[in-house]
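Notes follow the structure.
Numbering of residues begins at 1 and proceeds along the displayed sequence. Just so it is clear, the values below take in all heavy atoms, side chains as well, and ignore hydrogens, waters and symmetry mates. One-based numbering, in listed order, for ligands and for the atoms of each.
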Amino acid sequence: MLKVAVLISGRGSNMKSLVNACQQEGFPAQIACVISNKPEAQGLVWAAEQGIPTAVVNHRDYGKDREAFEKALHAEITKHGVRLVCLAGFLRLLTPWFVTQWLDRLVNIHPSLLPAFPGLHVQQAAIDYGARFSGCTVHFVRSEMDHGPIIVQAAVPVLAHDTEDTLAARILEFEHKIYPQALRWIAEGRVNVHDEKCFIADVNAPPSTINPCS
Ligand code: GAR
């Protein structure tokens, strides 16, 4: 059973999707703790109600000392015997020190088809650019923001009258599918990184899609 820490900063809907997956019979991972850098993160309440250990490591307590914050975060994570860290709407950029500690054991979800549209407000950025598809990406974390070997992506169409909120909702539905999927593959030992690319054992390529249709 792979022990997992989930790091959040807010609502925590992706954390919920991981917890719900882990509660299914036979799922090969267990959420050992949910940690937030913000005491007011709504997801903490829900996680505690599920009986999951929760903690706050408030980045504000460490001022500009990012490494001190990350050392405290690392100490909190390691208390729980964790082997994998899942960022789920954790909106702090992590330093190379933390990323190296957890190399290829630190996963993030991002609401765009990386490497397109890293950063914040990415659904609006996809609309503004006129992208025909956007989507979401689960990837191993590297020091550069929203960058690293891609484990799985899902594409959704960008529709003519989309707003940031309608596109975000369409993407979020797929975030909740692909993050548990990625966690399952990792926990099953099927994800390998070579030359900064992920290879997943025993999966077939999905069909391709074209938008707009002819
Ligand atoms: C999600 O859409 C996630 O992909 C995004 O923040 C949201 C958190 O929602 N993460 C990033 O933008 C990371 N660069 P949630 O708290 O409901 O999971």
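Of all the atoms in ligand 1, the ones that sit under 4.0 Å from a non-hydrogen atom of S13 are 15 (P), 16 (O), 17 (O), 18 (O). Which parts of ligand 1 touch G89 is read off a 4.0 Å heavy-atom cut-off, strictly below it: atoms 6 (O), 8 (C). Within ligand 1, the atoms closer than 4.0 Å to a non-hydrogen atom of D146 are 14 (N), numbered from 1 in the order shown.
Side-chain polar atoms of T95 and E70 form a donor-acceptor pair below 3.5 angstrom. Side-chain atoms of S112 and H110 include a donor-acceptor pair closer than 3.5 Å. Under the 3.5 Å distance criterion, with hydrogens and angles disregarded, a donor-acceptor pair is assigned to the side chains of D128 and Q124.
A donor-acceptor contact shorter than 3.5 Å is absent between the side chain of D162 and the backbone of V158.
Across I171, I8, I109, L87, heavy-atom proximity to atom 13 (C) of ligand 1 is greatest for I109. Summarising the contacts of atom 16 (O) of ligand 1 with G10, G12, C136, the nearest heavy atom is found in G12.
Distance check, rounded to the nearest 0.5 Å: CD1 of I52 to CD1 of I35 gives 12.0 Å.
The protein heavy-atom contact nearest to atom 11 (C) of ligand 1 is P111 CD, 3.7 Å. Atom 9 (O) of ligand 1 has as its closest protein heavy atom R11 NH2, 3.1 Å.
Contact annotation: for M15 versus ligand 1, there are no heavy atoms closer than 4.0 Å.
Residue S36 is tested with L44, L7, V57, N58 for a side-chain contact (heavy atoms from CB on, under 4.5 Å); the sole match is L44.
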